[in-house]
Amino acid sequence: MRFSKAYIPTTKEAPKDAQLPSHIFLSRAGFVTQVAAGLYNFLPMGKRVLRKIENIINEEMAACDAQEVDLSFVTPAELWEESGRIEKFGKELLRFRDRKENLFVLGPTHEEMMVNIVRNRVNSYKQLPMNLYQIKTKFRDEARPRFGLMRGREFVMKDGYSFHSSTEDLDREFDAMEAAYKRILERLGLNFRIVEADSGAIGGTGSKELMVLAGSGEDTLAVCDTCEYGANVEAARRAPRSTFPEAPSADFARFKTPDIKSIDDLSNFFHVDPYYTLKAVVQRAVYTEGSELVCFFIRGCDELQEVKARNSVGAIDLVDATEAELTEIGLLPGFIGPLDQDKIRIVMDNDTRGATTMITGANEADYHFVGVDLSVMNEAHFADLISVQEGDGCPHCGGKILHTKGIEVGHIFKLGTVYSAPLKAEFLDENGRSQPFIMGTYGMGVSRLVAAVIEQHHDEKGCIWTHATAPYLVNVMVSNIKEESHMAYAEELYASLQSRGIEVMLDDRKERFGFKMSDAELIGFPFTVIVGKELENGLVQIMVRSTREMITVNAADVLTKIEELRQ
RNA sequence: CGGGGCGUAGCUCAGUCUGGUUAGAGUACUUGGUUUGGGACCAAGGGGCCGGAGGUUCGAGUCCUCUCGCCCCGACCA
């Protein structure tokens, strides 16, 4: 492509709405423009990057025998009623009626549609397994789109769905997809981590998220500093403690603790490590129908992880209980304990199982119990409730857990029969019995990946595309197009790079050196060949975008040098 | 959906508090000239429903009411 003919509207200034580097640079460099909240146009440069990512996904999916399909973006609302998700998705589903007053929704994800196209067509175990996917625009009418391409309402997603006759076969495919996703992100040149994720209300037997590591990521990850373990904090686990603070020695007693309400106060009052205190967190658990107050007990040194807490009671939401709600049922904030009370549903953290010499609230104003033996609570409901902190032990190798931020670019999921059962998508097994498909689902955010590349690879000058994602690998920049010999050399180089299958831009604009250099850096071509006054000495320079290093080479050796650098 | 901020040229913004010639700057764009290794200079141009509607006023970009849009924090987010 010749720059003089290309539509690449670069600007000096960022749109005022842009906050993140990816948003700022993708806008300034002319890759995307904003249309409305969460809606973006892809201009020629942006479209090329999208296409590159799509191509890599397609190649890796083909290697796994996954087949590409293309399902209708507009989907009948009946399907969503059938699966029950029309309620669950709520306003995120953009609904509208056609001229015949039939209700439709714009697809936010395509489980229902995909199940629909195989049910009653795939009806034998002999046709399984099957993996179908598409790369398609999705629409979710998010309450608050933000961060440019990172969280748009309209976005491009690769969504794949596999169908199996056994959970073993699903496990095999899940692992194959994890490996394929890993290869995709490696080929894209991204630094990422595959982490354990919350399976949440969807159920199923497991899910993993693919996280591109970047400070601007919306997700917090717990990662091990020595092994490969990583998990979203919503699902992170930790090794059991190996060292314990000095235990208080006290027989069971009721102790007056006037106005001692917080863990800090309690710990100071008794000169005891918070590890031996019991923290009560009361939340109102909201269910599909109705709600109730639940008290979660964890050690005083721990923090409640809300997603884990929500899952432990099967709630769809947890909201802080008000003091009025507590006093109404006779609980005294600051003095709540698990003993001798039947006022509220209790969930105990796994780490409190069988704990001794604990200090807990006495359910009486200004009193705590000391020397509590929690093994009497063995009938209680126990669950993992705590938020893994930095410095905790890795559950796999005992290394140290650190927190880091990640951008979720993929999520793979063992669905089981969550969709196939309600949608009655069944096949006949070897015994001639009808069974719902056992399913997996594999998502990858294609347009989000465009932003993720830049979040991870940019500097103060602009974008730094990885070799696999760059709109063009090489930019041949002519310093002064009026120098006929320079232009002639550049044209020749341009043609020979193209003939070698290298994607190349020829910056033949009638602009000054600095202007063109700034554009080259802003757009982020991996290599810019500078054809300028050094050509008189038979030399040109190659600017390596990632380091901004200038390499001087013989004009005749550019091709081989580029081939060498791209490795 | 709660709280806050902002809508004026393609883009970034001034002007609004305190109403008053023909609404400005920078940048981008067009034409001509001089420049040519880090976003050049000179000259001449084109480009505005001042988000929209209603109101107050002799007079509204500016004041009032309503409304729409966008951004940020939070709630939410397969």
Side-chain angles (χ1 to χ4, degrees), chain A residues 9-20 23-24 27-28 30 33-39 80 83-85 88-93 107-114 138-148 150-153 155 157 159-161 197-204 207 209 218-219 234 286 306-307 310 316-320 408 410-413 415 418-419 439-445 448 461-462 477-483 486 509-523 528 530-536 539-541 543 548 550 552:
Chain A
T10 61
T11 61
K12 258 187 197 176
E13 281 171 300
K16 65 173 174 186
D17 295 338
Q19 306 280 330
L20 287 191
H23 192 187
I24 292 169
S27 302
R28 282 192 51 208
T33 61
Q34 183 171 8
V35 180
L39 306 181
W80 295 85
S83 72
R85 286 213 290 182
K88 185 168 179 295
F89 256 99
K91 285 187 170 175
E92 274 193 43
L93 275 182
T109 174
H110 277 190
E111 281 82 4
E112 285 83 355
M113 286 287 281
M114 201 63 86
K138 301 287 184 289
F139 192 91
R140 293 179 193 177
D141 199 359
E142 295 233 23
R144 197 180 150 214
R146 58 185 123 175
F147 304 144
M150 296 267 273
R151 180 177 287 284
R153 290 191 293 173
F155 56 98
M157 182 165 88
D159 50 323
Y161 308 85
D198 169 44
S199 301
I202 294 291
S207 77
E209 291 168 331
E218 290 190 81
D219 290 275
E234 296 173 352
V286 181
E306 195 174 318
V307 173
R310 194 197 307 156
I316 53 172
D317 194 17
L318 291 182
V319 291
D320 289 341
E408 181 190 342
H411 198 163
I412 58 177
F413 227 105
L415 281 179
V418 176
Y419 292 92
M439 292 178 60
T441 182
Y442 318 96
M444 187 166 260
R448 181 178 281 182
K461 297 280 186 179
M477 193 202 92
V478 183
S479 180
N480 182 358
I481 62 166
K482 285 185 182 170
E483 295 286 350
H486 296 186
R509 292 174 300 169
K510 184 179 174 296
E511 295 289 350
R512 294 162 67 92
F513 178 82
F515 186 91
K516 290 185 177 184
M517 279 298 280
S518 293
D519 267 359
E521 284 162 336
L522 177 60
I523 294 165
T528 293
I530 300 163
V531 180
K533 54 192 181 188
E534 288 296 309
L535 193 61
E536 316 300 330
L539 300 172
V540 298
Q541 283 163 304
M543 194 261 295
R548 297 183 62 223
M550 293 280 201
T552 302

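Lettering follows sequence order; numbering is per chain, from 1. Computed from a prediction, not measured in an experiment: that's the story for all the values here.
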J.: Please state whether the base of B:rU12 and the side chain of A:Lys12 form at least one donor-acceptor pair under 3.5 Å?
T.: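 Answer is no: no donor-acceptor pair is held.
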
J.: B:rG37, OP1 or OP2 - any side-chain N/O from A:Gln541 closer than 4.0 Å?
T.: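 Answer no for this pair, as no side-chain N or O of A:Gln541 is under 4.0 Å from OP1 or OP2.
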
J.: Kindly compute the distance separating CZ (A:Phe515) from NZ (A:Lys510), expressed to the nearest 0.5 Å.
T.: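 Rounded to the nearest 0.5 Å, the CZ-NZ separation comes out at 12.0 Å.
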
J.: Would you say that A:Ile530 contacts A:Met517 through its side chain, given a criterion of any heavy-atom pair below 4.5 Å between the two side chains?
T.: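 They are in contact (side-chain heavy atoms under 4.5 Å apart), so the answer is yes.
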
J.: What is the distance from atom OG1 of A:Thr10 to atom CG of A:Leu522, rounded to the nearest 0.5 Å?
T.: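 CG of A:Leu522 is found 6.0 Å from OG1 of A:Thr10.
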
J.: Tabulate atom names and distances for all N/O pairs under 3.5 angstrom spanning the protein and nucleotides 4-11 of chain B.
T.:
from: B:rC6; atom 1: O2'; to: A:Lys16; atom 2: NZ; distance (Å): 3.0

J.: With a 4.5 Å heavy-atom cut-off, do A:Ser207 and A:His411 have their side chains touching?
T.: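 A:Ser207 vs A:His411: side chains touch.
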
J.: What contact category does A:Asp159 fall into here, base, sugar-phosphate, or nothing, at under 4.0 angstrom with non-hydrogen atoms?
T.: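 No contact.
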
J.: Could you tell me the Watson-Crick or G-U partner of B:rG45, where both distances fall under 3.5 Å? Say none if there is no partner.
T.: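 Across all strands, the one nucleotide that pairs with B:rG45 is B:rC29.
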
J.: Please tell me which of A:Leu522 and A:Ala18 maps to the more 5' nucleotide of RNA chain B, matching each residue to the nucleotide holding its nearest heavy atom.
T.: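 Mapping each residue to its closest nucleotide by heavy atoms, the 5'-most match is A:Leu522.
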
J.: For A:His486, enumerate each residue passing the ring pair (Phe, Tyr, Trp, His ring centres under 6.0 Å) test, keeping only those at least two apart in sequence or located in another chain.
T.: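 Ring pair (Phe, Tyr, Trp, His ring centres under 6.0 Å) list for A:His486, sorted by chain: empty.
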
J.: Counting only side-chain heavy atoms from C-beta out, which of B:rC71, B:rG38, B:rC73 sits nearest to A:Gln19?
T.: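 Given the options B:rC71, B:rG38, B:rC73, the side chain of A:Gln19 is closest to B:rC71.
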
J.: Distance between the P atoms of B:rG19 and B:rU8, in whole angstroms?
T.: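 Between the two P atoms, the distance is 23 Å.
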
J.: Name the closest nucleotide to the A:Glu534 side chain, picking from B:rG39, B:rU36, B:rG37.
T.: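 Among B:rG39, B:rU36, B:rG37, the one nearest the side chain of A:Glu534 is B:rG37.
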
J.: Can you measure from CG (A:Asn480) to CZ (A:Arg512) and round to the nearest 0.5 angstrom?
T.: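 Here the rounded value is 10.0 Å.
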
J.: A:Glu142 side chain: which of B:rC77, B:rC71, B:rG37 is closest?
T.: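 My answer, after comparing the listed nucleotides, is B:rC77.
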
J.: Applying salt bridge (charged side-chain N to carboxylate O under 4.0 Å, His left out), name anything that partners A:Glu209, two or more places apart in sequence or on another chain.
T.: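 Partners of A:Glu209 under the salt bridge (charged side-chain N to carboxylate O under 4.0 Å, His left out) test: none.
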
J.: A:Lys510 NZ to B:rU35 C1': how many Å, rounded?
T.: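 For the pair A:Lys510 NZ and B:rU35 C1', the rounded distance is 9 Å.
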
J.: Looking only at atom C1', what distance separates B:rG45 and B:rA28, rounded to whole Å?
T.: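 Result for the C1' pair: 14 Å, nearest Å.
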
J.: Which part of the nucleic acid, if any, lies within contact of A:Glu92, taking any heavy atom under 4.0 Å across all strands shown: a base, the sugar-phosphate backbone alone, or nothing?
T.: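 Contact class for A:Glu92: sugar-phosphate only.
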
J.: To the nearest Å, how far apart are A:Phe139 CZ and B:rC77 P?
T.: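 Rounded to whole Å, this separation is 18 Å.
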
J.: Could you check how far CD1 of A:Ile24 sits from P of B:rU12, rounded to whole Å?
T.: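 One finds 12 Å between P of B:rU12 and CD1 of A:Ile24, rounded.
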
J.: B:rG33 and B:rC68: how far apart are their C1' atoms, nearest whole angstrom?
T.: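 Looking at atom C1' only, B:rG33 and B:rC68 are 48 Å apart.
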
J.: Measuring from the side chain of A:Met550 (C-beta onward, heavy atoms only), which nucleotide among B:rC1, B:rC77, B:rG38 has the closest atom?
T.: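 Per side-chain heavy atoms of A:Met550, the pick is B:rG38.
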
J.: So A:Lys482, base contact, sugar-phosphate only, or nothing? Heavy-atom distance under 4.0 Å.
T.: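 A:Lys482: base contact, heavy atoms under 4.0 Å.
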
J.: Can you check whether A:Gln19 reaches A:Arg146 side chain to side chain, under 4.5 Å on heavy atoms?
T.: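 Not touching, per the 4.5 Å side-chain cut-off.
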
J.: In whole angstroms, how far is the P atom of B:rG37 from the CD atom of A:Glu521?
T.: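 About 16 Å, once rounded to whole Å.
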
J.: Taking the side chain as C-beta and beyond, is there a heavy-atom pair between A:Asp159 and A:Lys138 under 4.5 Å?
T.: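 Yes, at least one pair of side-chain atoms sits under 4.5 Å.
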
J.: Give me the distance, rounded to whole Å, that separates B:rA60 from B:rC49 when you measure between the C1' atoms they each carry.
T.: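 B:rA60 and B:rC49 have their C1' atoms separated by 14 Å.
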
J.: Where the side chain of A:Arg153 is defined as all heavy atoms beyond and including C-beta, which of B:rG39, B:rC70, B:rG38 is the nearest nucleotide?
T.: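 Among the listed nucleotides, the one closest to the side chain of A:Arg153 is B:rC70.
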
J.: If you check the A:Ser518 side chain, which of B:rC72, B:rG38, B:rU36 turns out closest?
T.: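 For the A:Ser518 side chain, the nearest candidate turns out to be B:rG38.
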
J.: Considering only atom P, compute the distance from B:rU18 to B:rU31 and round it to an integer number of Å.
T.: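 Taking atom P in both B:rU18 and B:rU31, they lie 47 Å apart.
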
J.: Just the rounded figure in Å: distance from C1' of B:rC76 to CZ of A:Arg310.
T.: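 Distance, rounded to whole Å: 10 Å.
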
J.: From the set B:rG38, B:rC1, B:rC70, return the single nucleotide nearest to any side-chain atom of A:Lys91.
T.: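 The listed nucleotide nearest to A:Lys91's side chain is B:rC1.
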
J.: According to a strict under-4.0 Å criterion, is A:Arg144 in side-chain N/O contact with OP1 or OP2 of B:rC71?
T.: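 Negative; the distance criterion is not met.
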
J.: A:Gln34 near the nucleic acid: base, sugar-phosphate alone, or nothing, with a heavy-atom cut-off under 4.0 Å?
T.: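 Sugar-phosphate only.
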
J.: Just name whichever nucleotide pairs with B:rG37, Watson-Crick or G-U, keeping both distances under 3.5 Å, else none.
T.: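 B:rG37 is unpaired by these criteria.
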
J.: What residues, two or more places apart in sequence or in another chain, satisfy salt bridge (charged side-chain N to carboxylate O under 4.0 Å, His left out) together with A:Glu142?
T.: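 Salt bridge (charged side-chain N to carboxylate O under 4.0 Å, His left out) list for A:Glu142, sorted by chain: A:Arg151.
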
J.: Given atom CD of A:Glu511 and atom C1' of B:rU35, what is their separation to the nearest angstrom?
T.: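 Rounding to the nearest Å, CD of A:Glu511 and C1' of B:rU35 are 13 Å apart.
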
J.: On RNA chain B, check which nucleotide each of A:Asn480 and A:Glu218 is closest to and give me the residue with the more 5' one.
T.: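 The residue whose closest nucleotide sits nearer the 5' end is A:Asn480.
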
J.: Let's test this: given Watson-Crick or G-U wobble pairing with both distances under 3.5 Å, identify the partner of B:rG69.
T.: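 Result: B:rC6.
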
J.: In Å and rounded to the nearest 0.5 Å, what is the CE to CH2 distance from A:Met113 to A:Trp80?
T.: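 A:Met113 atom CE to A:Trp80 atom CH2 measures 9.0 Å (nearest 0.5 Å).
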
J.: How many whole angstroms separate atom CZ of A:Arg151 from atom P of B:rC71?
T.: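 Computing the A:Arg151:CZ to B:rC71:P distance gives 13 Å.
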
J.: What's A:Ala36 touching, base or sugar-phosphate or nothing? Going by heavy atoms closer than 4.0 Å.
T.: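 Sugar-phosphate contact only - A:Ala36 comes under 4.0 Å of backbone atoms but never of a base.
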
J.: Under a 3.5 Å limit for both distances, which nucleotide forms a Watson-Crick or G-U wobble pair with B:rU16, could you say?
T.: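 Its partner is none (no Watson-Crick or G-U wobble pair with both distances under 3.5 Å).
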
J.: Classify every nucleotide of nucleotides 40-48 of chain B by which part a protein heavy atom approaches to under 4.0 Å, writing B for the base, S for the sugar-phosphate alone and - for neither, in 5'-to-3' order.
T.: B--------

J.: B:rC77 P sits how many Å from A:Glu234 CD, rounded?
T.: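 Spelled out: CD on A:Glu234 to P on B:rC77 is 10 Å.
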
J.: Categorize A:Glu112 for me: base, sugar-phosphate, or nothing, with a 4.0 angstrom heavy-atom threshold over every strand shown.
T.: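 Answer is nothing: A:Glu112 stays at 4.0 Å or more from every strand.
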
J.: With a 3.5 Å limit on both atom pairs, tell me what B:rG74 is paired to, counting Watson-Crick and G-U wobble, or say none.
T.: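 With both distances under 3.5 Å, B:rG74 matches B:rC1.
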
J.: So, taking the atom named CZ in A:Arg509 and the one named NZ in A:Lys516, what distance separates them when rounded to the nearest 0.5 Å?
T.: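 Here the interatomic distance stands at 6.5 Å.
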
J.: Name the nucleic acid region contacted by A:Met157, choosing base, sugar-phosphate or nothing; use a 4.0 angstrom heavy-atom cut-off, strictly under.
T.: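 Touches a base.
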
J.: For B:rG3 and B:rG39, measure between their C1' atoms and round to the nearest Å.
T.: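 Nearest-Å result for B:rG3 against B:rG39 at atom C1': 41 Å.
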
J.: Can you tell me, in whole Å, how much space there is between the P of B:rG61 and that of B:rC71?
T.: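 About 28 Å, rounded to a whole number of Å.
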
J.: Which part of the nucleic acid does A:Ala143 contact within heavy-atom distance under 4.0 Å: base, sugar-phosphate only, or nothing?
T.: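 Counting heavy atoms under 4.0 Å across all strands, the contact made by A:Ala143 includes a base.
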
J.: Expressed as a whole number of Å, how far does the P atom of B:rG46 sit from that of B:rU62?
T.: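 Roughly 27 Å separates the two P atoms.
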
J.: In chain order, what residues pass the salt bridge (charged side-chain N to carboxylate O under 4.0 Å, His left out) check against A:Glu234, with sequence neighbours excluded?
T.: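 A:Glu234 satisfies salt bridge (charged side-chain N to carboxylate O under 4.0 Å, His left out) with no residue once adjacent residues are dropped.
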
